[in-house]
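Each remark here refers to the structure printed beneath this line.
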There are 2 protein chains.
Amino acid sequence: MDTSQLLKGVLDLAVLAVLRDGDGYGYDVLRRLRQAGLEDVADASVYGTLRRLFQAGALTSYVQPSEEGPHRKYYGLNKTGRDLLAQSTKTWNHFADTMSVLLVEKEAA
Amino acid sequence: MDTSQLLKGVLDLAVLAVLRDGDGYGYDVLRRLRQAGLEDVADASVYGTLRRLFQAGALTSYVQPSEEGPHRKYYGLNKTGRDLLAQSTKTWNHFADTMSVLLVEKEAA
DNA sequence: CCACACTACTACACAAAGCGGAGTACTCCA
DNA sequence: TGGAGTACTCCGCTTTGTGTAGTAGTGTGG
């Protein structure tokens with residue numbers, strides 16, 4: 001099974017969840033996601049997701065120079081983002097529950 | 001959050017799980033999925049998934065006439081399908097676990 | 001008898017989203 | 001000077017679920 005297909009729609013949620021623990025820039029969010037167990041996430045996917053969420057009005061954004069490399073574009077949750085995170089979490093939990101029920105092998109009656 | 005995006009990659013798994021409980025034809029699989037809680041699945045998606053899984057060699061297929069309507073194209077799991085179901089279930093469970101950990105709000109230390 | 005609903009499937013074009021690859025650019029180190 | 005690590009952008013590709021339309025069979029209500 002291809003892990004990348006599972007991420008569809010869920011990467012948004014994962015990125016929002018990571019940002020709940022503090023503002024972060026793309027490369028950093030990528031590291032945090034991989035550390036959390038999403039090891040196969042591609043960098044372009046994370047940058048794309050951040051851009052999309054920002055454009056959707058769920059994130060704030062500010063650029064900060066770094067002394068150890070290129071500038072960093074930080075993103076953080078705003079109210080819309082927190083609401084989206086809460087709502088998406090519910091949707092995800094419900095969906096995951098449905099799937100886990102479906103996956104339980106039925107005993108012969 | 002769009003439920004349809006969550007289905008990506010998971011619909012295969014859901015269809016395989018439903019077929020584990022007995023052979024079924026497209027319209028029937030659709031009903032079983034909806035009854036299981038996947039209410040927003042579109043019919044074209046199910047037919048497409050069945051075709052894809054069949055072409056991938058995970059399903060057997062045979063046509064049977066029906067007295068209450070058009071003919072029915074039945075699908076059933078073969079060894080490849082059962083293996084795929086087992087493997088995909090593992091992948092899904094691991095993925096869902098990872099996500100649930102990520103979604104837990106961290107307490108201030 | 002005709003319209004409609006339900007069943008059952010196919011085909012086609014479309015859209016969303018993750019990915020690979022290339023490119024840019026900065027810092028540090030061998 | 002040239003790699004490695006950091007940090008980001010852009011483009012085109014692929015997969016996959018969806019909407020719409022079309023075909024076709026059965027049964028039912030006006």
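Atoms considered below: every heavy atom in the structure, side chains included; atoms not considered: hydrogens, waters and symmetry mates. Within every chain, numbering begins at 1; the chains are lettered A, B, ... in the order of the sequence lines, protein sequences first and strands thereafter.
Formation of a donor-acceptor pair under 3.5 Å by the R34(A) side chain with backbone atoms of V41(A) is found in this model. No donor-acceptor distance shorter than 3.5 angstrom exists from the side chain of S88(B) to the backbone of L85(B), with no hydrogens or angles considered. Counting only distance, with no hydrogens or angles, the side chain of R20(B) and the backbone of L103(A) share a donor-acceptor pair below 3.5 Å.
For the pair L102(A) and A17(B), the tightest heavy-atom approach, listed with the atom from each and the gap, is O-CB, 3.8 Å.
Atom OH in Y27(A) sits roughly 15 Å away from atom C1' in dT9(D) (whole-Å rounding). In this structure, Y25(A) atom OH and dT9(D) atom C1' are separated by 17 Å, rounded to whole Å. At whole-Å resolution of the value, CG in L11(B) and P in dT15(D) are 17 Å apart. Between D40(B) atom CG and dG17(D) atom P the separation is 14 Å, expressed in whole Å.
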Report task. Evaluate side chain to side chain contact (heavy atoms under 4.5 Å, CB included) for L6(B) paired with K8(A), printing each intermediate quantity in order. Result -> CA-CA 6 Å; L6(B) 291 181; K8(A) 300 263 167 148; over 6 Å; no
**Report entry** Derivation of the side chain to side chain contact (heavy atoms under 4.5 Å, CB included) call for D40(A) and S4(A)
**Finding:** CA-CA 8 Å; D40(A) 296 334; S4(A) 80; over 6 Å; no
Requested in this report: Carefully, step by step, assess L7(A) and F95(B) under the rule side chain to side chain contact (heavy atoms under 4.5 Å, CB included).
Outcome: CA-CA 9 Å; L7(A) 273 179; F95(B) 182 76; 4.0 Å; yes
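Residues R32(A) and D21(A) are not paired through a salt bridge, judged by the lack of any N-O separation under 4.0 Å between the basic side chain and the carboxylate. With salt bridges taken as basic N to acidic carboxylate O contacts below 4.0 Å, none links D28(A) and R72(A).
Across Y25(A), F54(A), Y27(A), a single residue satisfies ring-ring contact (aromatic ring centres under 6.0 Å, His included) together with Y74(A), and that is Y25(A). Evaluated for a side-chain contact (heavy atoms from CB on, under 4.5 Å) with L30(B), the options V18(B), D43(B), L50(B) yield exactly one hit, D43(B).
Heavy atoms of A42(B) sit under 4.0 angstrom from primed sugar atoms or phosphate atoms, though from no base atom.
Remark: T49(A), R52(A) in residues 46-54 of chain A come within less than 4.0 Å of DNA chain C through at least one heavy atom.
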Under-3.5 Å N/O pairs linking protein and nucleotides 22-24 of chain D:
none

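Of all nucleotides in DNA chain C, those with any atom nearer than 4.0 Å to a heavy atom of chain A start and finish, going 5' to 3', at dA17(C) to dC28(C).
Looking at which nucleotide of DNA chain D each of G69(A) and D43(A) is closest to, the 5′-most match is held by G69(A). DNA chain D is contacted by both K8(A) and S66(A); S66(A) maps to the nucleotide lying nearer its 5′ end (nearest heavy atom per residue).
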